[in-house]
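Start at 1 with the first residue, then count along the sequence.
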Amino acid sequence: AVELLVKKVRSENLPDVVYMAYKVVAYKKDGSVRRESVTLPRITCKEGQELLFQYFLLQRSLRVPAWEYFVRRDYLKANDIFFDESGIHFEDIIFAAKLFYHINTISKIEEPLYYYNLRLGSIVRSWTHKTINDRVTAILSVKKMLKEQHDFERFRDCYIYFFVNLAYVSSFVDYAQMNKRDTEIDNYFKELSSQPFIMQFPFSELNLPQSYTCSKESKMYKGLKRMTYSISHHFSLTLFWLRLWIKWSNLLHPYTEIK
(Lines give C-alpha, C1' and ligand atoms only; values in the text may rest on other atoms or scores of the structure.)
Protein backbone atom coordinates (compact mmCIF):
# COMPACT_ATOMS: atom_id res chain seq x y z
CA ALA A 1 0.00 0.00 0.00
CA VAL A 2 2.78 2.44 0.94
CA GLU A 3 4.69 1.62 -2.23
CA LEU A 4 1.60 2.31 -4.35
CA LEU A 5 0.99 5.62 -2.60
CA VAL A 6 4.57 6.78 -3.06
CA LYS A 7 4.51 5.76 -6.72
CA LYS A 8 1.27 7.70 -7.27
CA VAL A 9 2.59 10.84 -5.60
CA ARG A 10 5.87 10.82 -7.52
CA SER A 11 4.13 10.22 -10.85
CA GLU A 12 1.82 13.25 -10.55
CA ASN A 13 4.10 16.08 -9.46
CA LEU A 14 3.27 16.00 -5.75
CA PRO A 15 -0.50 16.63 -5.45
CA ASP A 16 -1.71 18.23 -2.22
CA VAL A 17 -3.95 15.26 -1.42
CA VAL A 18 -4.31 11.67 -2.64
CA TYR A 19 -7.79 10.24 -2.07
CA MET A 20 -7.77 6.46 -1.50
CA ALA A 21 -10.41 3.80 -2.05
CA TYR A 22 -11.21 1.75 1.06
CA LYS A 23 -13.05 -1.38 2.13
CA VAL A 24 -15.63 -1.44 4.95
CA VAL A 25 -16.08 -4.75 6.82
CA ALA A 26 -18.96 -5.36 9.24
CA TYR A 27 -19.25 -8.47 11.39
CA LYS A 28 -22.05 -10.58 12.85
CA LYS A 29 -22.18 -11.52 16.52
CA ASP A 30 -20.56 -14.90 15.82
CA GLY A 31 -17.56 -13.18 14.23
CA SER A 32 -18.42 -14.02 10.63
CA VAL A 33 -18.49 -11.26 8.03
CA ARG A 34 -21.90 -9.63 7.74
CA ARG A 35 -21.09 -7.20 4.94
CA GLU A 36 -18.16 -6.00 2.86
CA SER A 37 -18.20 -3.00 0.57
CA VAL A 38 -15.61 -1.00 -1.33
CA THR A 39 -15.89 2.77 -1.62
CA LEU A 40 -14.19 4.30 -4.65
CA PRO A 41 -13.19 7.94 -5.10
CA ARG A 42 -16.03 9.63 -7.01
CA ILE A 43 -14.12 12.60 -8.34
CA THR A 44 -12.43 13.34 -11.66
CA CYS A 45 -9.45 15.18 -10.05
CA LYS A 46 -10.15 18.05 -12.45
CA GLU A 47 -12.49 19.88 -10.07
CA GLY A 48 -11.39 23.28 -8.77
CA GLN A 49 -11.08 24.32 -5.13
CA GLU A 50 -14.63 25.66 -4.87
CA LEU A 51 -16.29 22.51 -6.16
CA LEU A 52 -14.06 20.22 -4.07
CA PHE A 53 -14.97 22.12 -0.90
CA GLN A 54 -18.66 21.98 -1.86
CA TYR A 55 -18.32 18.21 -2.32
CA PHE A 56 -16.89 18.00 1.20
CA LEU A 57 -19.75 20.01 2.71
CA LEU A 58 -22.27 17.84 0.89
CA GLN A 59 -20.49 14.67 2.12
CA ARG A 60 -21.02 12.94 -1.20
CA SER A 61 -17.66 12.68 -2.98
CA LEU A 62 -15.28 13.79 -0.23
CA ARG A 63 -15.98 12.80 3.34
CA VAL A 64 -14.72 13.52 6.85
CA PRO A 65 -12.46 10.60 7.95
CA ALA A 66 -8.79 11.57 7.75
CA TRP A 67 -7.71 8.00 6.99
CA GLU A 68 -9.15 8.35 3.48
CA TYR A 69 -6.43 10.81 2.50
CA PHE A 70 -2.68 10.90 2.02
CA VAL A 71 -1.59 14.53 2.41
CA ARG A 72 1.61 16.33 1.41
CA ARG A 73 3.37 17.58 4.55
CA ASP A 74 4.44 20.91 3.04
CA TYR A 75 0.82 21.59 2.12
CA LEU A 76 -0.27 21.06 5.74
CA LYS A 77 2.47 23.34 7.09
CA ALA A 78 1.91 26.08 4.52
CA ASN A 79 -1.79 26.32 5.40
CA ASP A 80 -1.42 25.74 9.15
CA ILE A 81 -3.54 22.57 9.05
CA PHE A 82 -3.21 20.51 12.22
CA PHE A 83 -5.44 18.27 14.31
CA ASP A 84 -7.25 19.86 17.23
CA GLU A 85 -5.60 18.47 20.39
CA SER A 86 -8.15 19.75 22.91
CA GLY A 87 -9.74 16.30 23.28
CA ILE A 88 -12.80 17.04 21.15
CA HIS A 89 -14.30 14.09 19.29
CA PHE A 90 -14.80 14.47 15.53
CA GLU A 91 -11.70 16.63 15.25
CA ASP A 92 -11.28 15.21 11.74
CA ILE A 93 -14.28 17.33 10.65
CA ILE A 94 -12.25 20.47 11.34
CA PHE A 95 -9.11 18.96 9.80
CA ALA A 96 -10.87 17.85 6.59
CA ALA A 97 -12.65 21.20 6.21
CA LYS A 98 -9.32 23.05 6.24
CA LEU A 99 -7.82 20.41 3.96
CA PHE A 100 -10.38 20.95 1.21
CA TYR A 101 -10.83 24.67 1.68
CA HIS A 102 -7.19 25.37 0.79
CA ILE A 103 -6.68 22.57 -1.73
CA ASN A 104 -5.14 23.17 -5.17
CA THR A 105 -4.46 19.68 -6.53
CA ILE A 106 -5.87 16.24 -5.78
CA SER A 107 -5.24 12.74 -7.10
CA LYS A 108 -6.91 9.39 -6.44
CA ILE A 109 -6.17 5.68 -6.10
CA GLU A 110 -8.99 3.34 -7.03
CA GLU A 111 -7.53 0.32 -5.27
CA PRO A 112 -8.65 -0.09 -1.61
CA LEU A 113 -5.59 0.57 0.55
CA TYR A 114 -7.45 0.87 3.86
CA TYR A 115 -9.67 -1.66 5.63
CA TYR A 116 -12.22 -0.14 8.00
CA ASN A 117 -13.61 -2.64 10.54
CA LEU A 118 -16.94 -1.49 11.98
CA ARG A 119 -16.75 -2.13 15.69
CA LEU A 120 -18.70 -1.35 18.82
CA GLY A 121 -16.95 0.95 21.27
CA SER A 122 -15.45 3.27 18.65
CA ILE A 123 -16.17 7.01 18.94
CA VAL A 124 -18.68 6.94 16.08
CA ARG A 125 -20.46 3.98 17.73
CA SER A 126 -20.32 5.29 21.30
CA TRP A 127 -23.53 7.29 21.42
CA THR A 128 -23.17 9.69 24.34
CA HIS A 129 -23.91 13.29 25.25
CA LYS A 130 -20.27 14.16 24.52
CA THR A 131 -20.18 12.67 21.01
CA ILE A 132 -23.29 14.63 19.98
CA ASN A 133 -22.03 17.84 21.57
CA ASP A 134 -18.55 17.49 20.05
CA ARG A 135 -19.88 16.82 16.55
CA VAL A 136 -21.99 19.99 16.71
CA THR A 137 -19.01 21.96 18.07
CA ALA A 138 -16.79 20.71 15.23
CA ILE A 139 -19.39 21.61 12.58
CA LEU A 140 -19.79 25.11 14.02
CA SER A 141 -15.99 25.43 13.85
CA VAL A 142 -16.24 25.02 10.08
CA LYS A 143 -18.60 28.00 9.95
CA LYS A 144 -16.20 29.97 12.14
CA MET A 145 -13.35 29.16 9.73
CA LEU A 146 -15.37 30.41 6.76
CA LYS A 147 -16.37 33.55 8.63
CA GLU A 148 -12.72 34.25 9.49
CA GLN A 149 -11.87 33.87 5.80
CA HIS A 150 -14.75 36.25 4.94
CA ASP A 151 -16.04 33.51 2.66
CA PHE A 152 -19.16 32.15 4.35
CA GLU A 153 -21.68 33.59 1.89
CA ARG A 154 -20.04 31.80 -1.05
CA PHE A 155 -20.68 28.43 0.62
CA ARG A 156 -23.78 29.34 2.63
CA ASP A 157 -26.25 26.91 1.01
CA CYS A 158 -23.81 24.00 1.05
CA TYR A 159 -23.01 24.73 4.71
CA ILE A 160 -26.74 24.68 5.58
CA TYR A 161 -26.93 21.22 3.98
CA PHE A 162 -23.76 20.21 5.90
CA PHE A 163 -25.20 21.40 9.23
CA VAL A 164 -28.64 19.86 8.74
CA ASN A 165 -27.11 16.56 7.61
CA LEU A 166 -24.56 16.12 10.40
CA ALA A 167 -25.45 18.41 13.32
CA TYR A 168 -29.20 17.87 13.08
CA VAL A 169 -30.23 14.59 11.42
CA SER A 170 -27.10 12.47 12.09
CA SER A 171 -26.96 13.73 15.68
CA PHE A 172 -30.64 12.90 16.08
CA VAL A 173 -29.95 9.33 14.91
CA ASP A 174 -27.08 9.16 17.43
CA TYR A 175 -29.48 10.36 20.13
CA ALA A 176 -31.88 7.57 19.20
CA GLN A 177 -29.00 5.08 19.61
CA MET A 178 -28.52 6.27 23.22
CA ASN A 179 -31.93 4.76 24.01
CA LYS A 180 -32.59 7.16 26.90
CA ARG A 181 -33.93 10.68 27.16
CA ASP A 182 -31.55 13.53 27.95
CA THR A 183 -33.15 16.86 28.85
CA GLU A 184 -30.30 18.98 27.50
CA ILE A 185 -30.22 17.13 24.17
CA ASP A 186 -34.01 17.26 23.94
CA ASN A 187 -33.86 21.03 24.38
CA TYR A 188 -31.10 21.31 21.76
CA PHE A 189 -33.21 19.62 19.10
CA LYS A 190 -36.41 21.41 20.07
CA GLU A 191 -34.71 24.82 20.01
CA LEU A 192 -33.00 24.04 16.71
CA SER A 193 -36.27 22.79 15.24
CA SER A 194 -37.81 26.24 15.76
CA GLN A 195 -35.07 28.00 13.79
CA PRO A 196 -36.18 29.35 10.38
CA PHE A 197 -33.43 27.61 8.39
CA ILE A 198 -34.55 24.23 9.81
CA MET A 199 -38.24 24.93 9.39
CA GLN A 200 -37.70 26.07 5.80
CA PHE A 201 -35.21 23.36 4.80
CA PRO A 202 -37.77 20.70 3.71
CA PHE A 203 -39.47 23.23 1.43
CA SER A 204 -36.53 25.29 0.17
CA GLU A 205 -34.30 24.79 -2.85
CA LEU A 206 -30.67 25.29 -1.94
CA ASN A 207 -28.16 26.34 -4.56
CA LEU A 208 -26.18 23.09 -4.78
CA PRO A 209 -23.72 22.03 -7.49
CA GLN A 210 -25.33 19.81 -10.07
CA SER A 211 -23.28 16.68 -10.69
CA TYR A 212 -23.56 12.93 -10.63
CA THR A 213 -22.64 12.85 -6.93
CA CYS A 214 -24.78 15.59 -5.43
CA SER A 215 -28.06 16.82 -6.84
CA LYS A 216 -31.30 18.34 -5.62
CA GLU A 217 -33.00 15.31 -7.17
CA SER A 218 -30.83 12.76 -5.36
CA LYS A 219 -32.35 10.27 -2.91
CA MET A 220 -29.96 11.57 -0.22
CA TYR A 221 -31.23 15.13 -0.53
CA LYS A 222 -34.89 14.12 -0.63
CA GLY A 223 -34.41 11.76 2.33
CA LEU A 224 -32.70 14.51 4.32
CA LYS A 225 -35.66 16.81 3.68
CA ARG A 226 -38.16 14.18 4.82
CA MET A 227 -36.19 13.42 7.98
CA THR A 228 -35.77 17.11 8.80
CA TYR A 229 -39.51 17.68 8.46
CA SER A 230 -40.28 14.64 10.63
CA ILE A 231 -37.90 15.69 13.43
CA SER A 232 -38.89 19.36 13.42
CA HIS A 233 -42.65 18.71 13.32
CA HIS A 234 -43.00 15.39 15.18
CA PHE A 235 -39.96 15.18 17.46
CA SER A 236 -41.13 12.68 20.12
CA LEU A 237 -42.96 10.42 17.67
CA THR A 238 -39.97 10.31 15.30
CA LEU A 239 -37.63 9.52 18.19
CA PHE A 240 -39.92 6.72 19.37
CA TRP A 241 -40.22 5.05 15.96
CA LEU A 242 -36.52 5.42 15.20
CA ARG A 243 -35.55 3.77 18.50
CA LEU A 244 -38.01 0.99 17.80
CA TRP A 245 -36.54 0.46 14.32
CA ILE A 246 -32.96 0.46 15.72
CA LYS A 247 -33.88 -2.23 18.29
CA TRP A 248 -35.48 -4.36 15.59
CA SER A 249 -32.51 -3.90 13.26
CA ASN A 250 -29.99 -4.79 15.97
CA LEU A 251 -31.88 -7.98 16.79
CA LEU A 252 -31.77 -9.05 13.15
CA HIS A 253 -28.21 -7.91 12.39
CA PRO A 254 -26.20 -7.48 15.61
CA TYR A 255 -22.60 -6.24 15.36
CA THR A 256 -19.84 -7.92 17.28
CA GLU A 257 -17.06 -6.24 19.21
CA ILE A 258 -13.87 -6.24 17.12
CA LYS A 259 -10.71 -5.95 19.21
Might you work through the side-chain contact (heavy atoms from CB on, under 4.5 Å) test for Phe90 and Ile139, ending with a clear yes or no?
CA-CA 9 Å; Phe90 299 103; Ile139 291 165; over 6 Å; no
Grouping ILVMFWY residues whenever side-chain heavy atoms fall under 4.5 Å, the cluster of Leu237 otherwise contains Phe240, Trp241, Leu244
Here's a test for you: under ring pair (Phe, Tyr, Trp, His ring centres under 6.0 Å), which of Phe197, Phe56, Phe152 qualifies with Tyr159?
Phe152
With a 4.5 Å limit on heavy-atom distance, are the side chains of [X] and [Y] in contact?
| X | Y | value |
| --- | --- | --- |
| His89 | Arg135 | no |
| Ser171 | Leu166 | no |
| Leu146 | Arg154 | no |
| Ile132 | Asp182 | no |
| Pro41 | Glu110 | yes |
| Tyr55 | Leu57 | no |

Cluster link [X] to [Y], ILVMFWY, side chain under 4.5 Å:
| X | Y | answer |
| --- | --- | --- |
| Ile246 | Trp248 | yes |
| Val173 | Ile231 | yes |
| Val17 | Phe83 | yes |
| Ile88 | Ile185 | no |
| Met178 | Trp245 | yes |

Step through the shown structure and confirm whether more than 12 heavy atoms of other residues, nucleotides or ligands are within 6.0 Å of [atom1] on [X].
| X | atom1 | value |
| --- | --- | --- |
| Arg181 | CZ | yes |
| Tyr115 | OH | no |
| Lys130 | NZ | yes |

According to side chain to side chain contact (heavy atoms under 4.5 Å, CB included), who are the partners of [X], at least two apart in sequence or on a separate chain?
| X | answer |
| --- | --- |
| Met220 | Arg60, Tyr161, Asn165, Ser218 |
| Trp67 | Tyr22, Pro65, Tyr114, Tyr116 |
| Ser204 | Leu206 |

Rounded to the nearest 0.5 Å, what separation is found between the [atom1] atom of [X] and the [atom2] atom of [Y]?
| X | Y | atom1 | atom2 | value |
| --- | --- | --- | --- | --- |
| Leu192 | Lys190 | CG | NZ | 13.5 Å |
| Gln54 | Gln49 | CD | CD | 9.0 Å |
| Ser193 | His234 | OG | NE2 | 11.5 Å |
| Phe172 | Thr228 | CZ | OG1 | 10.5 Å |
| Arg42 | Tyr19 | CZ | OH | 9.5 Å |
| Lys147 | Lys144 | NZ | NZ | 13.0 Å |

N/O donor to acceptor pairs below 3.5 angstrom from side-chain atoms of residues 93-106, sequence neighbours left out:
from	atom 1	to	atom 2	distance (Å)
Tyr101	OH	Asp151	OD2	2.8
His102	ND1	Asn79	OD1	3.4
Thr105	OG1	Asp16	N	2.9

Determine, step by step, whether Thr39 and Arg63 satisfy the side-chain contact (heavy atoms from CB on, under 4.5 Å) criterion, reporting the C-alpha distance in whole Å, the side-chain angles of both residues, the deciding distance to 0.1 Å, and the verdict.
CA-CA 11 Å; Thr39 299; Arg63 297 172 61 253; 5.7 Å; no
Taking the ring centre of each residue, are Phe163 and Tyr168 less than 6.0 Å apart?
no
Side chain [X], main chain [Y], donor-acceptor under 3.5 Å:
| X | Y | value |
| --- | --- | --- |
| His233 | Tyr229 | yes |
| Ser107 | Pro15 | no |
| Ser232 | Ser194 | no |
| Glu111 | Ile109 | no |

For Phe70, all residues meeting ring pair (Phe, Tyr, Trp, His ring centres under 6.0 Å), sequence neighbours excluded:
none
Grab the two heavy atoms, one from Thr44 and one from Glu47, that are nearest each other, plus how far apart they are.
N-OE2, 2.9 Å
Apply side-chain contact (heavy atoms from CB on, under 4.5 Å) to Phe53 and Leu62, showing your working.
CA-CA 8 Å; Phe53 188 64; Leu62 301 171; over 6 Å; no
Does Tyr175 have Arg243 sitting over its ring (NZ/CZ under 6.0 Å from centre, angle to axis within 45°)?
yes
State whether Lys108 and Glu68 are salt-bridged, where the test is any N-O pair (Lys NZ or Arg NE/NH1/NH2 against Asp/Glu carboxylate O) under 4.0 Å.
no
The test is ring-ring contact (aromatic ring centres under 6.0 Å, His included); show your working for Phe155 and Phe162 and say whether it passes.
CA-CA 10 Å; Phe155 297 103; Phe162 180 65; over 10 Å; no
Start with the C-alpha distance between Ile160 and Arg156, add both sets of side-chain angles, then the distance that settles side-chain contact (heavy atoms from CB on, under 4.5 Å), and finish with yes or no.
CA-CA 6 Å; Ile160 289 174; Arg156 181 181 181 276; 3.6 Å; yes
State, without any angle test, whether Tyr188 and Asn133 hold a side-chain donor-acceptor pair at a distance under 3.5 Å.
no
